[in-house]
J.: 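Dropping the structure in here first, questions after.
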Amino acid sequence: MNRRQVAWIIILVVDVAYIAWGAGAAVSPEHLLGPAGKGILPAAYEGYSGGSWLELTGTSPMIAGYITVLYRMYGIYCVLFGLLTSAIAVTAFRRGEPWAWWALFIGNTIALGSAITMDKIVNAIGPFELTEYLGLALVWGALAITLPFRAAAAGPV
């Protein structure tokens, strides 16, 4: 197995996990595991506002519903991003096309970096959130062993 074969498999695992998390957020953001065993949506709301999610749903159900819709849409975007990057990893990146390396580097850095930033802003660092750091490190490591400009100088990877 060469470096690119190892790299595309690592990237695929990270991006499939992103799909799974996004699907969980789209289907049930109130129950997707977050910090301290709470659902990620209530934990994020409470971490950001200092208020109670349960209280919000009781006193302002339309606002809570709107926040839930936004979180579900975020989950859908995660699924779509993961599908796109998975497709790039198993096709163009696997074949060694340089644009795919850049697409995976930029795309994963923005997607995972944005998720990490949001988690910090809302004070919601839990089990899935820690995997964002691990996922980004794995993607960067996989891409580091397949640098396109290094490959051009050394021949096929």
Side-chain angles (χ1 to χ4, degrees), residues 1-49 52-54 56-57 63-97 99-148 157:
M1 202 178 266
N2 67 31
R3 288 178 288 168
R4 189 174 307 111
Q5 290 170 323
V6 170
W8 79 260
I9 291 168
I10 291 170
I11 294 167
L12 182 63
V13 167
V14 171
D15 290 336
V16 167
Y18 205 73
I19 292 168
W21 187 92
V27 171
S28 185
E30 293 155 319
H31 299 101
L32 182 63
L33 186 60
K38 291 183 180 181
I40 186 59
L41 178 55
Y45 173 78
E46 291 172 3
Y48 181 76
S49 71
S52 163
W53 176 254
L54 188 59
L56 178 70
T57 59
I63 293 173
Y66 180 70
I67 293 170
T68 302
V69 167
L70 289 179
Y71 220 91
R72 287 178 190 270
M73 292 307 299
Y74 174 62
I76 291 169
Y77 283 112
C78 291
V79 168
L80 294 174
F81 168 80
L83 288 171
L84 178 62
T85 52
S86 294
I88 292 170
V90 300
T91 58
F93 179 78
R94 191 172 168 186
R95 289 189 301 262
E97 296 178 26
W99 72 266
W101 188 96
W102 289 103
L104 292 172
F105 174 70
I106 293 167
N108 278 289
T109 299
I110 291 171
L112 291 166
S114 297
I116 289 166
T117 301
M118 186 209 139
D119 296 335
K120 286 181 181 179
I121 290 170
V122 300
N123 300 311
I125 306 297
F128 284 121
E129 290 70 34
L130 295 176
T131 62
E132 294 162 356
Y133 292 92
L134 176 61
L136 189 56
L138 287 169
V139 168
W140 283 352
L143 292 171
I145 64 172
T146 60
L147 291 169
V157 178

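Starting from 1, each residue takes its place in the sequence as its number.
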J.: Do Leu54 and Pro42 make a side-chain contact, defined as non-hydrogen atoms from C-beta onward lying under 4.5 Å apart?
T.: no
J.: Hey, what do you get for OG (Ser114) to CZ (Phe81), rounding to the nearest 0.5 Å?
T.: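 Spacing of OG (Ser114) from CZ (Phe81) equals 9.5 Å.
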J.: Would you give the length of the straight line joining atom OG of Ser49 to atom CG of Asn123, rounded to the nearest 0.5 angstrom?
T.: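 Rounded to the nearest 0.5 Å, the OG-CG separation comes to 10.5 Å.
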J.: Which of parallel (below 30°), tilted (30 to 60°) and perpendicular (above 60°) describes Phe105 and Trp140?
T.: tilted
J.: Find out whether Val139 and Leu143 are in side-chain contact, i.e. whether some heavy atom of one side chain is under 4.5 Å from a heavy atom of the other.
T.: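 The answer is yes; the side chains approach within 4.5 Å.
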J.: If you look at every heavy atom in Phe93 and Arg4, which pair is closest and at what distance?
T.: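 Taking Phe93 first and Arg4 second, the nearest heavy atoms are O-CD, 2.8 Å.
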J.: Any idea which heavy atoms bring Gly75 and Ala25 closest together, and the distance?
T.: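 Here Gly75 and Ala25 meet closest at CA-CB, 3.8 Å.
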J.: If you measure from CD1 on Ile9 to CG on Leu12, what distance do you get to the nearest 0.5 Å?
T.: 8.0 Å
J.: Looking at Thr146, Val90, Leu138, Leu104, which one forms a side chain to side chain contact (heavy atoms under 4.5 Å, CB included) with Ile11?
T.: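 That would be Leu104; it is the only one of Thr146, Val90, Leu138, Leu104 passing the side chain to side chain contact (heavy atoms under 4.5 Å, CB included) with Ile11.
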J.: Which atom names give the shortest non-hydrogen contact between Leu112 and Gly135, and what distance separates them?
T.: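 Closest approach of Leu112 to Gly135, heavy atoms only: CD1-C, 4.0 Å.
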J.: Looking at Ile63, I want to see if its CD1 is surrounded by more than 12 non-hydrogen atoms of other residues, nucleotides or ligands under 6.0 Å.
T.: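 Atom CD1 in Ile63 is not crowded, with 12 or fewer foreign heavy atoms closer than 6.0 Å.
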J.: Donor-acceptor pair, distance only, cut-off 3.5 Å: does the side chain of Ser28 make one with the backbone of Gly24?
T.: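 Side chain of Ser28 to backbone of Gly24, a donor-acceptor pair under 3.5 Å: no, none is there.
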J.: Under a 4.5 Å cut-off applied to non-hydrogen side-chain atoms, are Leu41 and Leu32 in contact?
T.: no
J.: Just verifying a value: how many Å separate Met118 CE and Tyr48 OH, rounded to the nearest 0.5 Å?
T.: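 Going from CE on Met118 over to OH on Tyr48, the span is 11.0 Å.
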J.: Is there side-chain contact between Tyr66 and Leu70, with heavy atoms separated by less than 4.5 Å?
T.: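 A side-chain contact under 4.5 Å exists here.
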J.: Between Ser86 and Ile19, which heavy-atom pair has the shortest distance, and what is it?
T.: OG-CD1, 3.9 Å
J.: For a quick test of reading the model, state the closest non-hydrogen atom pair linking Ile76 to Ala26 and the distance between them.
T.: CG1-CB, 3.8 Å
J.: Between CD1 of Ile88 and CG of Asp15, what distance do you get to the nearest 0.5 Å?
T.: 9.0 Å
J.: Of all heavy-atom pairs between Lys120 and Ile125, which one has the smallest distance, and what is that distance?
T.: N-CD1, 4.1 Å
J.: Please tell me whether Tyr45 and Trp53 form a close aromatic pair, meaning their ring centres lie under 6.0 Å apart.
T.: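 Yes; Trp53 has its ring centre under 6.0 Å from that of Tyr45.
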J.: How far does OG1 of Thr131 sit from CG of Leu136, to the nearest 0.5 angstrom?
T.: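 The OG1 atom of Thr131 sits 11.0 Å away from the CG atom of Leu136.
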J.: Does any part of the side chain of Tyr18, heavy atoms only, come nearer than 4.5 Å to the side chain of Asn108, both counted from C-beta?
T.: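 Contact flag for Asn108/Tyr18 side chains = no.
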